[in-house]
There are 2 protein chains.
Amino acid sequence: MATGRTHRPATRSRGIPEATVARLPLYLRALTALSERSVPTVSSEELAAAAGVNSAKLRKDFSYLGSYGTRGVGYDVEYLVYQISRELGLTQDWPVVIVGIGNLGAALAGYGGFASRGFRVAALIDADPAMTGKPVAGIPVQHSDDLEKIINEDGVSIGVIATPAGVAQQVCDRLVAAGVTSILNFAPTVLSVPDGVDVRKVDLSIELQILAFHEQRKAGEETSAEEGPDAGAEPEAAAVAPPAPRGATGSTGRKGPDGDVPAVMPA
Amino acid sequence: MATGRTHRPATRSRGIPEATVARLPLYLRALTALSERSVPTVSSEELAAAAGVNSAKLRKDFSYLGSYGTRGVGYDVEYLVYQISRELGLTQDWPVVIVGIGNLGAALAGYGGFASRGFRVAALIDADPAMTGKPVAGIPVQHSDDLEKIINEDGVSIGVIATPAGVAQQVCDRLVAAGVTSILNFAPTVLSVPDGVDVRKVDLSIELQILAFHEQRKAGEETSAEEGPDAGAEPEAAAVAPPAPRGATGSTGRKGPDGDVPAVMPA
DNA sequence: CGCTGTGAAAGAGTTCACAGCG
DNA sequence: CGCTGTGAACTCTTTCACAGCG
């Protein structure tokens with residue numbers, strides 16, 4: 001994601017594949033729940049079920065971390081919680097700033113899973129002077145003029161962008177210039193960042209569109225539940241749209257409030 | 001994700017790989033922006049840059065949709081917008097319900113990218129009677145007792161869960177029972193659903209943890225930018241934690257307000 | 001000539017299946 | 001005997017590189 005050079009092509013960081021890293025938080029959550037119930041050990045089968053993956057994958061994932069299990073028995077819950085936490089870097093806590101305290105920013109600020117799990121909301125930042133000083137989720141909002149100062153004083157290296165799309169890139173640039181090297185972007189824009197900076201994005205409309213794709217397919221399928229053995233030549237999806245409105249060059253115009261905007265549908 | 005059987009192992013739906021489907025919304029957004037600026041055509045190179053991917057990938061992706069480009073020229077923006085929209089199923093609009101109108105639910109309800117891009121917020125649902133009737137983002141909240149009725153009357157097939165983790169599964173079950181077949185889950189839990197139901201999840205703390213992993217690695221690397229050729233035996237990450245607190249069985253207790261909870265750190 | 005479309009090669013990630021440890 | 005750890009097979013994804021159309 002992100003134009004510049006995001007998901008570091010670098011790759012298998014220290015040997016742990018990216019796909020595995022992405023699942024560690026899942027395992028950690030499941031393990032934490034077990035830990036709370038004072039369950040001492042789990043088998044790969046049980047833990048996999050709790051995390052929603054299959055056991056072979058889980059064992060393979062854990063094998064990248066080391067041999068933390070006991071054959072014939074399973075994994076020691078507490079021990080694994082610790083190992084995964086350490087691997088993820090959660091044994092230290094990370095100060096995080098949230099920029100853009102609108103509805104979403106406020107929701108994020110109040111998100112419980114934040115405080116715990118090794119993260120601490122170091123500051124809430126918004127460009128609206130009317131917000132400055134106003135406490136959100138118990139934390140006073142600071143003005144974006146002080147962004148650099150805040151980042152520096154708290155040694156923040158992770159920033160969350162919850163601003164409108166139109167200003168996301170400039171906020172990003174300032175965060176990066178101030179020393180932030182990891183960004184979680186909620187704005188529906190592609191951010192470009194220099195090498196060495198990681199960006200992850202969370203995008204509601206993308207997720208919905210992916211769901212819509214599958215949803216549409218379900219509706220069109222109905223029959224032939226089991227995919228055909230050969231998958232024929234070129235089965236047109238459902239009978240929804242007209243042949244092909246070629247050359248309807250520019251005219252949909254319609255500028256949205258922000259640097260983003262949709263306007264799909266020809267019909 | 002999701003225990004049951006989520007990301008359908010089924011796979012290459014109609015021939016379009018999942019990875020490609022996940023990028024179509026990205027292309028669509030970039031194309032829409034171009035369309036608004038009345039740009040008539042784009043090359044794979046330009047569009048790829050705007051979408052934050054490389055051009056070879058983009059061309060390969062488009063090749064699954066058909067041959068919509070013109071050699072020596074590029075792609076017709078309007079035409080591609082239409083083709084991708086159709087492929088994603090956005091030429092029809094999908095009624096969506098949002099369950100759980102807390103901070104996050106409210107933020108989602110007000111999200112602009114919703115109304116556009118083929119989705120329509122059909123209803124906001126919350127279990128708190130005090131919320132019932134209260135308008136959020138211009139839409140009156142309805143009580144969850146009426147969930148089934150709402151789903152049925154509006155023919156909703158996509159549901160968004162923004163409730164606390166503790167009730168997410170039961171909300172999910174009710175949605176599914178009422179006929180919803182696609183779920184976007186914001187609650188930090190693994191949902192299990194029957195076959196045929198798609199679940200996608202958006203999870204703040206998972207994203208942060210992934211960032212923390214890479215962040216930690218950056219800090220630990222510093223030296224040896226280029227990974228060592230052999231990756232030694234068992235290089236302890238940073239010098240942060242003690243050797244290994246084996247068998248510290250149950251005691252971290254500390255029950256959170258919800259069915260979820262963290263509490264990482266041994267030390 | 002420029003840019004698409006695509007085979008073929010390379011690389012990641014997943015699944016299988018079983019050796020072998022406790 | 002049960003369950004982990006893992007080589008090997010397989011599948012999916014990305015990248016390369018270039019033929020060939022407009």
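Below, chain A is the first sequence line, B the second, and so on; all start at residue 1.
- To the nearest angstrom, P of D:dT14 lies 11 Å from CD of B:Glu18.
- Looking at heavy-atom distances under 4.0 Å, A:Phe62 makes no contact with the nucleic acid at all.
- Taking the six-membered ring where the residue is Trp, the centroids of A:Phe62 and A:Tyr68 are separated by 6.0 Å or more.
- Per the geometry, OH belonging to B:Tyr75 stands 13 Å off C1' belonging to D:dC21, to the nearest Å.
- A:Glu45 places no side-chain N or O within 3.5 Å of a backbone atom of A:Ser55 that could act as its donor or acceptor partner.
- Between the CG atom of B:Asp76 and the P atom of C:dC3 there is a distance of 16 Å, given to the nearest Å.
- To the nearest angstrom, P of D:dT15 lies 11 Å from CG of B:Asp61.
- The CG-C1' distance, from A:Leu58 to C:dT15, rounds to 14 Å in whole Å.
- The closest side-chain heavy-atom distance from B:Leu65 to B:Leu24 is below 4.5 Å.
- You'll find that the side chain of A:Lys57 is closest to C:dT15, out of D:dT4, D:dA19, C:dT15.
- Checking B:Arg59 against A:Arg23, the closest nucleotide of DNA chain C that is more toward the 5' end is the one next to B:Arg59.
- A salt bridge is absent between B:Asp198 and A:Arg217: the closest approach of a Lys/Arg side-chain nitrogen to an acidic carboxylate oxygen does not fall below 4.0 angstrom.
- Side chain of A:Thr32 to backbone of A:Leu28: a donor-acceptor contact under 3.5 angstrom is found.
- Summarising the geometry, the separation between CD on B:Glu45 and P on D:dC16 is reported as 12 Å, rounded to the nearest angstrom.
- Between C:dT4 and B:Ser44, a contact under 4.0 Å exists linking OP1 or OP2 to a side-chain N or O.
- D:dC12: Watson-Crick or G-U partner is C:dG11, with both key distances under 3.5 Å.
- Sequence order on DNA chain D of the closest nucleotides to A:Ser63 and A:Val73 puts A:Val73 first from the 5' end.
- The side chain of A:Lys60 has D:dG7 as its nearest neighbour among C:dT6, D:dG7, D:dG22.
- Minimum atom distance to the side chain of A:Asn54 is reached by C:dT15, of the listed C:dT6, D:dA19, C:dT15.
- Comparing C:dC21, C:dT14, C:dG5 against the side chain of A:Arg71 picks out C:dC21 as the nearest.
- B:Leu24 places its CG atom 13 Å from the P atom of D:dT13, with the value rounded to the nearest Å.
- Computed from coordinates, the A:Gln83 CD to D:dG5 P distance equals 12 Å when rounded to whole Å.
- Using Watson-Crick or G-U wobble geometry with both donor-acceptor distances under 3.5 Å, D:dC21 finds its partner in C:dG2.
- Side-chain atoms of B:Ala19 lie closest to D:dT14 of the nucleotides D:dC3, C:dT14, D:dT14.
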